[in-house]
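Here the structure is laid out as structure tokens; the discussion comes afterwards.
Bear in mind the structure is a predicted one, so any value in this text is a computation, not a measurement.
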Amino acid sequence: MSNLKTVLLNRIQLKEIVTNQTIKHAWLANAVGVSEKTLTRWLNGDVTRIRINNLSKLASALRCSKEDLIAASETDAYPSEKNRDVLINELSSDGFLYELMMSSKINLTVSLIKSTFHPRLPSAIVANFYIKLGYASLIHRKYKKAIQYLTKGLDKATGVDDRTLMFSANLGLAITLFCHSELIKAHTYLALCKKTIQYAGQEKAHFYSTCALYELYCGHFDAAIKAANACLNECLPAKPAIEKNVFKGTALQILGACYLFRGDTDAAYNACVESLSVAKRSGYKRNVALSKGYLAAIYCARDDFEHAEQLIEQSLQLVNPEDISLPSLLGIAVYISYCAGNAAKYSAYQAEIKAICSADTVVSVFASYLMFASGKRQDDASAVTVQLSEIDQALDQLGLTYWQRWLKNTHA
């Protein structure tokens with residue numbers, strides 16, 4: 001089974017088991033702990049997804065395996081036009097698609113969305129689906145495709161003046177451009193989101209975590225800490241943020257990085273340990289991987305290379321080759337192997353990061369930058385001069401002036 005909180009219910013199999021065992025609906029509903037009306041909706045296909053805890057109770061009451069009650073595909077669950085409309089309603093009105101994407105079920109996400117498209121769909125739903133396709137493409141590091149989908153979603157949302165969807169599309173474009181190392185354009189979209197924050201809905205925590213990451217990479221530590229704390233505030237129990245543990249974990253990772261750059265390794269360690277605990281509660285491998293990666297960097301800064309190397313290897317095993325988090329994790333791995341003096345792993349990680357990132361991307365530049373910032377090893381003077389020159393040029397192209405000044409002051 002997966003980390004998903006809900007699964008597709010095999011309605012046909014459920015009805016067959018109930019009929020064969022001549023089970024009374026009232027008894028079964030009581031055994032599962034739901035109303036008889038809810039059970040009827042499951043049997044009729046009006047509700048086609050079931051929560052994992054209810055699935056377990058249902059399987060126990062029917063004396064069958066949970067797998068017997070799970071549909072093999074969305075086609076099994078939605079065989080008719082009526083059920084396609086049910087699917088459209090579910091996909092557009094709750095966090096299921098977001099849950100799928102966070103669980104790296106990208107292909108299923110795309111398949112579900114594309115199976116629902118038809119000419120009669122309301123424009124707001126079409127906009128929502130395009131935006132979700134954009135985010136799915138982003139998580140797969142298909143940045144050009146993500147921009148295309150998000151732009152289509154933004155156009156549709158603008159056409160029906162749906163400000164919440166417009167905010168979501170603008171935020172998606174900001175994240176995509178940032179990941180694609182177009183920081184100036186990303187800042188433009190973040191500024192637009194900030195002006196329309198009243199329409200953020202459940203995405204305030206997502207917005208603040210994105211701002212915190214952007215400010216961290218720009219070297220604006222005060223701004224990054226402020227945005228991270230704003231994200232944590234949106235993740236409080238009374239707030240309506242979606243997937244609170246995801247963004248709470250991200251905010252804590254960024255706080256840890258900010259403290260590390262400021263030289264407070266104890267505060268950095270505590271923040272990253274907490275982020276890992278929160279990430280584990282989220283149930284998503286990507287979040288656990290990133291928290292382990294950040295914590296590995298803290299161990300490296302403390303010269304505990306054994307723990308650092310163990311953690312970064314664990315984190316890399318948790319993500320697939322197309323995942324959005326892989327470049328960042330490889331960047332940390334390059335830094336750790338360099339500091340630990342592990343030439344074989346350093347070369348291997350360098351080769352991996354070069355295969356998926358061009359030399360002028362933020363991740364590649366920072367992987368090189370951190371090696372010089374660490375001061376753990378010294379290469380021959382001519383090699384350092386050439387590499388520093390290349391890093392300085394790349395930082396200039398990216399507009400990361402804070403790090404340029406640091407390099408010049410440190411290696412004057």
Where do L252 and L232 land on the side chain to side chain contact (heavy atoms under 4.5 Å, CB included) test, with the steps shown first?
CA-CA 8 Å; L252 289 166; L232 293 176; 4.2 Å; yes
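- Heavy-atom contacts from other residues, nucleotides or ligands closer than 6.0 Å to NZ of K194 number 12 or fewer.
- The distance from atom CD1 of I298 to atom CD of Q253, rounded to the nearest 0.5 Å, is 10.5 Å.
- Residues I131 and G153 approach most closely at CG1-CA, 4.0 Å, considering heavy atoms.
- Under a 4.0 Å N-O distance rule, the pair R163/D161 qualifies as a salt bridge.
- Applying the side-chain hydrogen bond (donor to acceptor under 3.5 Å, both in side chains) rule to pairs touching residues 254-268 yields D222-R262, D266-R302, sequence neighbours excluded.
- Heavy-atom contacts from other residues, nucleotides or ligands closer than 6.0 Å to OH of Y189 number 12 or fewer.
- For Y130, the ring-ring contact (aromatic ring centres under 6.0 Å, His included) partners two or more places apart in sequence, or in a different chain, are F117.
- Residue I336 holds its CD1 atom at 11.5 Å from CD of Q310, rounded to the nearest 0.5 Å.
- Using a 4.5 Å heavy-atom cutoff, the side chains of I312 and K292 are not in contact.
- Of the possible polar contacts, one joining the S282 side chain to the A279 backbone as a donor-acceptor pair under 3.5 Å is found.
- A donor-acceptor pair under 3.5 Å is formed between the side chain of N229 and the backbone N or O of I225.
- Distance check, rounded to the nearest 0.5 Å: CG of L55 to CG of L69 gives 5.5 Å.
- Put simply, the side chain of K204 never gets that close to the backbone of A241: no donor and acceptor are under 3.5 Å apart.
- Test K285, R141, R286 against D323 for side chain to side chain donor-acceptor pair (under 3.5 Å) and you get one pass: R286.
- Residues F305 and C300 approach most closely at CE2-O, 3.6 Å, considering heavy atoms.
- Using a 4.5 Å cut-off on side-chain heavy atoms (C-beta onward), I147 and L177 make contact.
- Summarising the geometry of A289 relative to S315, their closest heavy-atom pair is O-CB, 3.1 Å, with the distance given to 0.1 Å.
- Partners of E234 under the side chain to side chain donor-acceptor pair (under 3.5 Å) rule, at least two apart in sequence or in another chain, do not exist in this structure.
- Relative orientation of the F221 and F261 rings is parallel, given thresholds of 30° and 60° on the angle between their planes.
- Interatomic distance, N270 CG to S275 OG, rounded to the nearest 0.5 Å: 11.0 Å.
- Other residues, nucleotides and ligands contribute over 12 non-hydrogen atoms within 6.0 Å of the NZ atom of K57.
- Minimum heavy-atom separation, A308 to A296: CB-O, 3.3 Å.
- Of the inter-residue distances, the one linking Y349 atom OH with I332 atom CD1 reads 11.5 Å to the nearest 0.5 angstrom.
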Please evaluate residues Y284 and E243 with respect to the criterion side chain to side chain donor-acceptor pair (under 3.5 Å), reporting the C-alpha separation (whole Å), side-chain torsions for both, the decisive distance (0.1 Å), and the verdict.
CA-CA 10 Å; Y284 297 129; E243 295 293 353; 2.8 Å; yes
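- At least one side-chain heavy atom of F178 sits less than 4.5 Å from a side-chain heavy atom of L183.
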What do the steps show when you test N10 against D68 for side chain to side chain contact (heavy atoms under 4.5 Å, CB included), and what is the final call?
CA-CA 8 Å; N10 191 327; D68 289 337; over 6 Å; no
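- With hydrogens and angles disregarded, a donor-acceptor distance shorter than 3.5 Å links the side chain of S347 to the backbone of A343.
- Note: Y346 and Y338 have tilted aromatic rings, judged against thresholds of 30 and 60 degrees for the angle between ring planes.
- Between the side chain of S168 and the backbone N or O of T164, no donor-acceptor pair lies under 3.5 Å.
- Side chain of S277 to backbone of V273: no donor-acceptor contact under 3.5 angstrom is found.
- Using a 4.5 Å heavy-atom threshold, the side chains of V278 and N287 count as separate.
- N128 places no side-chain N or O within 3.5 Å of a backbone atom of A124 that could act as its donor or acceptor partner.
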Quick one: do I70 and L9 satisfy side chain to side chain contact (heavy atoms under 4.5 Å, CB included)? Show the steps, please.
CA-CA 5 Å; I70 300 174; L9 178 64; over 6 Å; no
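- The minimum heavy-atom distance linking N342 with E309 is given by the pair ND2-OE2, 3.1 Å.
- Distance check, rounded to the nearest 0.5 Å: NE2 of H206 to OH of Y135 gives 5.0 Å.
- Of the residues I197, L192, D162, the one that meets the side chain to side chain contact (heavy atoms under 4.5 Å, CB included) test with F167 is I197.
- Within the 4.5 Å cutoff, the side chain of T158 has heavy atoms near those of the L154 side chain.
- Side chains of V319 and I324 form no contact here, defined as non-hydrogen atoms less than 4.5 Å apart.
- Crowding of K156 atom NZ: a count of heavy atoms from other residues, nucleotides or ligands under 6.0 Å not exceeding 12.
- Taking the side chain as every heavy atom from C-beta outward, T38 and V32 never approach each other to under 4.5 Å.
- Nearest heavy-atom pair across L165 and A127 is CD1-CB, 4.0 Å.
- No side-chain heavy atom of Q314 sits less than 4.5 Å from a side-chain heavy atom of L318.
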